[in-house]
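Here the structure comes first, spelled out in structure tokens, and everything after it is commentary.
Both counts, for ligands and for their atoms, begin at 1 and track the order of listing. Model, not experiment: these values are computed from the prediction.
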Amino acid sequence: MAGDITLTMIKPYAVTKNYTGDIITQINKAGFKIKALKMTWLSPLQAEQFYAVHKDRPFYGALVQYMASGPIVAMVLQKENAVADFRKLIGATDPAEAAEGTIRKQFGTDKQRNAVHGSDSDENAIIESNFHFAIKDQYAY
Ligand code: CMP
């Protein structure tokens, strides 16, 4: 149902450091259901497209290059109030400013290698989920 999903990506550094299992465990313990999951490697073009909303920001080029530099794990997560609750679980964009116990605090190193992405709105959660998965009605189980 609209409003109860969010899209996350575990970013390359966290995947290559083998943090995927620990991160998924924390996501499940926080009450999110995994509705779709895949490990993949974004091409530079895909990374550009995914982050197109940031194309005018000074960090865009570095962000695109980083996100295409190694494997990622993309997931559609479901929970009531998914977008806001997930952003609380992962913490601030900069791990140095993230609250204790948050995923970015535990597994991130800096703003770029901040362990995970989380959608910033219900609208973007749907756009981003459709970017990674052929969804439609498949979350209805
Ligand atoms: P994410 O949640 O994936 O959404 C956009 C990403 O841009 C963000 O996480 C950060 O990794 C990155 N980002 C945001 N602000 C900065 C910044 N000031 N410098 C470098 N990267 C940034």
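In this structure, Y66 has no heavy atom closer than 4.0 Å to ligand 1.
Here the CG atom belonging to N114 is positioned 11.5 Å from the CD atom belonging to E97, to the nearest 0.5 angstrom. In this structure, OG1 in T20 is found 10.0 Å from CZ in F107, a value given to the nearest 0.5 Å. For the atom pair CZ of F86 and CG of N81, the computed distance is 13.5 Å after rounding to the nearest 0.5 Å. One distance of note links NE2 of H117 with CD1 of I90; it measures 8.0 Å at 0.5 Å rounding. Atom-to-atom distance recorded for L89:CG and K29:NZ is 12.0 Å, nearest 0.5 angstrom.
Distance from atom 10 (C) of ligand 1 to its nearest protein heavy atom, with residue and atom name: K111 O, 3.1 Å. At the shortest separation from atom 2 (O) of ligand 1 among protein heavy atoms lies R104 NH2, 3.0 Å. Protein heavy atom at the shortest distance from atom 13 (N) of ligand 1 is F59 CE1, 3.6 Å. Atom 9 (O) of ligand 1 has its closest protein heavy atom at K11 NZ, 3.1 Å. At the top of the distance list for atom 1 (P) of ligand 1, counting protein heavy atoms only, stands H117 ND1, 3.4 Å.
Listed for the Q106 side chain is a donor-acceptor partner under 3.5 Å among the backbone atoms of T102. Side chain of Y60 to backbone of E48: a donor-acceptor contact under 3.5 angstrom is found.
Close approach of ligand 1 to Q112 is summarised as follows: ligand atoms under 4.0 Å from at least one heavy atom of the residue are 11 (O). Residue N114 approaches ligand 1 through these ligand atoms, each under 4.0 Å from one of its heavy atoms: 8 (C), 9 (O), 10 (C), 11 (O).
Looking at H54 against ligand 1, only its side chain comes within 4.0 Å, counting heavy atoms.
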